[in-house]
Structure formats: structure tokens, C-alpha cells
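In what follows, every chain begins at residue 1, and chains take the letters A, B, ... in the order their sequences are listed.
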There are 2 protein chains.
Amino acid sequence: MLTPERQQIILELLKTKNVVTVHEMCEATDASVSTIRRDLAQLESEEKLRRVHGGASRLHSKITEPTVMEKSAKNISEKKAIASYAASLVENGDCVYLDAGTSTMQMVPFLRGKDIVVVTNGFHLIDPLIKNEIETYILGGKMKVKTGAVVGAKALDSIETYRFDKSFIGINGIHEKYGYTTPDPEEAIMKRKAIGLSQKSYILADHSKLKEVTFSKVAEISEASIITSYHEKDELKQLKSLTTVEVVRK
Amino acid sequence: MLTPERQQIILELLKTKNVVTVHEMCEATDASVSTIRRDLAQLESEEKLRRVHGGASRLHSKITEPTVMEKSAKNISEKKAIASYAASLVENGDCVYLDAGTSTMQMVPFLRGKDIVVVTNGFHLIDPLIKNEIETYILGGKMKVKTGAVVGAKALDSIETYRFDKSFIGINGIHEKYGYTTPDPEEAIMKRKAIGLSQKSYILADHSKLKEVTFSKVAEISEASIITSYHEKDELKQLKSLTTVEVVRK
DNA sequence: TCGTTTTTGAACATTTTTGATTGATTTTTG
DNA sequence: CAAAAATCAATCAAAAATGTTCAAAAACGA
């Protein structure tokens, strides 16, 4: 096995596990402990991971590691199913806004090969978008460390200069009375603005977000369509009276 | 089998595999290891792939791998010395523009702890800036895949909304008659604008850039100060008659 | 066809990588 | 707190891969 291949496996392991033992890495790569140790020393010097006694851990960097966010995010398979469906709504020629967040990030691989333009405020989305050969615009503004989102007054100005065919928004709370809500006011403003600038807006939300209410209101239920995953029928009834709800089976 | 045909097979293999061993390539092409090695040497010099011990790997990283860029960048120690000096010019309270590029990226670690605001169009700079706990704004606009820079009309609009105390610009050519030049016109415009919006502008350039001229003009020599590394005195004489030149010893 | 140039594969010395071993260091256990 | 267990860094020899050299084979031009 070649060195880069081995190191790649180590890094992949770390993406899923946060901490990995030397022994686990030996098994995964069929290499000896010495070799693994040498790899670890090198990868640490490249700041790809942090060595700990017995193995290695991810460097819990503030913004750089979408994987942290990604991994800590629950319901990944559910999100993938939702993302896949959402991506299927995107047609060639569309100008699309992708909100910062894990839900929308899951969409990116499914957009590969489409002839579209994507605008985003999500730092973490840039890399996958580029990798999937999608023409990408980033909003200008303040980098928010915790979420990797571009926010603030400059970002609002920035988004104003675009118009979107479709926007895809991640959300933390959906409630028939209180509408769409998210914890951070600055990000809420961005989401609201994006919805306002789009012909059609879609809210991506796994089932854990239904009936939830968080701090900052983004919009009324009727202002966007909802894409969520399978659920007891009754829970969606009220929402369906207010807007389109697409239910995806995971 | 003809040489181009063989090399094509090698590249096709890499498209599917990320890393390929020499042995695999021998089997796929019915050539000897010597021949494969010669092909690899050539293909690497053409920047079609990266050799690794035992085979070759794709130079994946369209944008994601600053390390690759960083590695392939020459004169790193020289750039570091220049960057260190440049960073020492930044004072608390400053609002600073950092151009996209390896030279300016080297500055970031030296800025740690300063109470400043940084605006940049360099995607690659975001991560180190955040890691070093610096308040960071990114310009909005089109992501340029090759260099990781934000450019284009939107980026121009975006930068217009800022004013800088100091700007630090990487450059490819410095010539007393033709001024500062860089190969890419879109990036040249960004650099020119940044200089126009700054109280004081500094050009970062290792010695290989002196007396060079490339395609797109950024500004006249007199419009910015130059920070470069030690050099035969005479070469700088003419430049010094036009602007301030700081010479750093590496 | 003949002489020249280019490409190829094999041989060999050199370099790099690898896995095992050792003693030191750290962590866990009793 | 001390012994036991686990992990670590350093070292070394074997194995693998590499660059270089050279002669044979192939391609080329006249």
C-alpha cells in the first residue's frame, strides 16, 4: 500500500471517529505500528491531526473542519435522502442559493454535472462545490467562526446583488404557528433575505426539527416549501394546510 | 505501444484511482518499470500528476489543498522572512487587506494576537486567519478554482465597501518601467482596487520577481512600497528612486 | 540499405520505506 | 504509591523502490 493511500485511510478514520487508536489504524491499513507512527508524526507536522497517547485525534479546529460539524450532526442518512431529493429539483440553468449548514452541504455531491450557478454563504460548502465542478459564488462579509457562515451587514448587502431561481435553507425549528426558526439572529436574517430573493424556497429539515421552536424567526411557514423525511402522518397535517410538504423516505 | 498512448493510460488510471502503483501501471501498459518511471518523471514535470514512493497520485486539490500549493511554492524561507517583516508593520486597530496568495498567507501566523480586522479575497487565507483568532471578512464574488481567489465584478463591488489602513499584495513581476504586473487580469484588477482603497500599500515579492514583467498591470511602482529580500544592491537602485524598498535578510 | 537517433528493458548501486527490537516513558491497575 | 501494562522514540537490517548507466531494439531519414 502506498503512503498517501495509507494516510488517506487514517484521515478518513478520523473523520468518523474523532479519536482512533494506533491499533485500529494498523488493522485498517495492514501496516505495522512503526509505520503508523511515522505516518502520524508526519500528519501531525502537517497539522492534519493531533497525536495523543495511544493514537490520534482530530484537531478540533474552529472552522476548518466541516467534518466535526458533519459528524456531530445527527441523522446523516436522513439528511442525505432529503438532500438527494432537494438536489433533484435543481435544473440546468438554475441560479441556486445554498444556505450554510450540513443539510445543504449534503446536497452538493448530488448537484455534480448540473449546469448551474451556486451562491452560498457557507464557507464549508466552497470546497465540495469546487470539487464537484460547480460554478460557485461566495457572499462577502464577516466570517462567523462557530458555523463557518458569512453573516452581518456586509453579507446582507452582498446577497442583495443576486436573484435566485431556487434557494435551499437549513433550519432548526418548524412550527405551524411560529414559523421557521433558527438559534442565531444573524443567520436568521440571511436565511430570510435569501427566501425573499428566490422564486422558490425550500426548507430542508429532518424529523427532529418538526414542532420545534428556537430563538430567531426566519419566515412564515407559507413562504417556503418543506422537504422532510418520513413521519407519522398526523404531525404533518397542519403544515400541509399551510405549504407544500415533500416527504422523503430514507 | 506509443508513448502518448501509454501516458494516457496512466492518466486514465489516476482518474479512477487517486493513487496507482508502478506495478499496476506496468500491467496496464505492458511496459517495463523503467519505461513507466520515465513516463512518470515526464508527467510530473508537466504537472499532470505527483510522484510518490511506489507510484503516483493525482494532484487532487483543485482548491482544497493549500499544502500542495504551499509546498510547490518556491522560496518559502524567503517568503517567510518577508512575511514576518510585513506583519510587523501591522498595528493594533488596523484594518488590513490581504491579497490572495502564498506570500500573504505566510503573514498570517505573525499576525496572531494583534487586535485587527482583516479583509481578504483569498479562500485559503480564511482558515489560518480564523485559527489565529483574527476577525476576518471575506469578499463576495466568484470563486476562482485555480488560485482560490475571489474575483470578478461582484468582488470589485464588494471590496468597494471597505477602506483599509494597509494592504499587502503579492505580485509576480516588478519592473521600474512597466510597474507591478501579474498574469491574471481579473486578479490584477482586484489588486489595483485594493491599493486604491488603502492608505498605504505594500508589495510582497521574493527576489525572483524583480525585473520580471507579466501580462496584467496592477499599478505603477510609486503607488506602493516594496518588501523584498536581500539582493545585489545595484538591482534595487532604480526602484529605490521610485518608491520605498524594504530589504529583508532571510 | 545503411548510419543515426530515439526508445526500451535489464543490471546495479543508491535511496527510501518498512517492520522488528530495544530500552525509556507514560498510563493504568492493584 | 508501586508494579504491571501499554505506548513511545530510536535504531537497525531487510525489503522495496529509485535513478543511472548501458546495450539491444525500434524508428527514422537519407
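Proximity of a side-chain donor or acceptor of R58(A) to a complementary backbone N or O of L14(A) within less than 3.5 Å is detected. Looking only at distances, no side-chain donor or acceptor of E186(A) sits under 3.5 Å from a matching main-chain atom of V151(A). Under a 3.5 Å cut-off, the side chain of D206(A) and the backbone N or O of K79(A) do not form any donor-acceptor pair.
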Pick out the pairs of N or O atoms, protein on one side and nucleotides 14-22 of chain D on the other, that lie under 3.5 Å.
{"from": "dA17(D)", "atom 1": "O4'", "to": "H53(B)", "atom 2": "NE2", "distance (Å)": "3.2"}
{"from": "dA17(D)", "atom 1": "O3'", "to": "G54(B)", "atom 2": "N", "distance (Å)": "3.1"}
{"from": "dT18(D)", "atom 1": "OP1", "to": "G54(B)", "atom 2": "N", "distance (Å)": "2.8"}
{"from": "dT18(D)", "atom 1": "OP2", "to": "R37(B)", "atom 2": "NE", "distance (Å)": "3.0"}
{"from": "dT18(D)", "atom 1": "OP2", "to": "R37(B)", "atom 2": "NH2", "distance (Å)": "2.6"}
{"from": "dT18(D)", "atom 1": "O5'", "to": "R37(B)", "atom 2": "NE", "distance (Å)": "3.4"}
{"from": "dG19(D)", "atom 1": "OP1", "to": "R51(B)", "atom 2": "NH1", "distance (Å)": "3.3"}
{"from": "dG19(D)", "atom 1": "OP2", "to": "R51(B)", "atom 2": "NH1", "distance (Å)": "3.2"}
{"from": "dG19(D)", "atom 1": "OP2", "to": "R51(B)", "atom 2": "NH2", "distance (Å)": "3.0"}

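Partners of R38(A) under the side-chain hydrogen bond (donor to acceptor under 3.5 Å, both in side chains) rule, at least two apart in sequence or in another chain, do not exist in this structure. Taking the salt bridge (Lys or Arg N to Asp or Glu O under 4.0 Å) definition, one finds that E212(A) meets it with nothing, sequence neighbours left out. Every residue two or more places apart in sequence or in another chain that forms a side-chain hydrogen bond (donor to acceptor under 3.5 Å, both in side chains) with E46(B) is listed here: Q42(B), K48(B).
Looking at heavy atoms from C-beta onward, K211(B) lies in side-chain contact with E176(B) at the 4.5 angstrom threshold. Put simply, the side chain of F215(A) does not reach to within 4.5 Å of the side chain of N172(A), judged on heavy atoms. Residues I138(A) and F123(B) fail the side-chain proximity criterion, which asks for heavy atoms closer than 4.5 Å.
Note that the two end axes of the helix from dT1(C)-dA30(D) to dG30(C)-dC1(D) enclose an angle of 40°, each drawn from 5 base pairs, rounded to 10 degrees.
A salt bridge links K144(B) with E187(B): the closest approach of a Lys/Arg side-chain nitrogen to an acidic carboxylate oxygen falls below 4.0 angstrom.
Scanning DNA chain C 5' to 3' for nucleotides with an atom closer than 4.0 angstrom to a non-hydrogen atom of chain B gives a first and last hit of dT8(C) to dT17(C).
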